[in-house]
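Just so it is clear, the model here is predicted, and its values are computed rather than measured.
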Amino acid sequence: KMGDALLKNPEIQVMIASHCDNVSINKNNKFNDNWELSAQRTLSIIRILTKEQDIDQKRITASGKREYSTEDLSDDEKIKNRRTEIVLSPKLDELYEAFTGR
């Protein structure tokens, strides 16, 4: 649904930011650290939007936040820090014109 909405509104810019908790992953064949993990989460969503939904790559900004935007939560609640945020930004000049009438 988001891809359809973005196709209908090509002026909207998209920032995708993925987070992880502050528990270090064990270095493995796939990820060296939490930063790499969060960046890969972001890239997975970008690939869906650009390859499957045909959203122009120029509209997308990627961000891997690592564990630096986490909340201090109990072990049972840490899953809340494993998230992805999608921020939509309209053209600010159009918003300015809408509010000021200029």
Q.
Between Val87 and Gln13, does the side-chain contact (heavy atoms from CB on, under 4.5 Å) criterion hold? Intermediate values first, please.
A. CA-CA 8 Å; Val87 180; Gln13 299 294 305; over 6 Å; no

Q: To the nearest 0.5 angstrom, please state how far the CG atom of Leu37 sits from the CG atom of Asn32.
A: 11.0 Å

Q) If you measure from CD1 on Ile45 to OG1 on Thr50, what distance do you get to the nearest 0.5 Å? A) 11.5 Å

Q. Quick one: does Leu49's side chain get under 4.5 Å of Ile16's, heavy atoms only?
A. yes

Q | Rounded distance (nearest 0.5 Å) linking atom CG of Leu6 with atom CD1 of Ile86 | A | 8.5 Å

Q.
So which atom in Ile46 and which in Ala62 form the shortest heavy-atom distance, rounded to 0.1 Å?
A. CD1-CB, 3.4 Å

Q) About how many Å separate CG of Asn34 and NE2 of His19, when rounded to the nearest 0.5 Å? A) 13.0 Å

**Q.** Least distance between heavy atoms, Glu36 atom then Phe31 atom
**A.** OE2-CA, 3.8 Å

Q) Is it true that a side-chain atom of Ser18 and a backbone atom of Thr42 form a donor plus acceptor pair closer than 3.5 Å? A) yes

Q | 4.5 Å side-chain heavy-atom contact, Val14 and Leu88 | A | yes

Q | Gap between atom CD1 of Ile12 and atom CG of Leu7 - 0.5 Å precision | A | 11.0 Å

Q: Mind listing the closest non-hydrogen atom pair of Arg41 and Arg83 along with its distance?
A: NH1-N, 4.3 Å

Q. What distance do Arg59 atom CZ and Glu11 atom CD have between them, rounded to the nearest 0.5 Å?
A. 7.5 Å

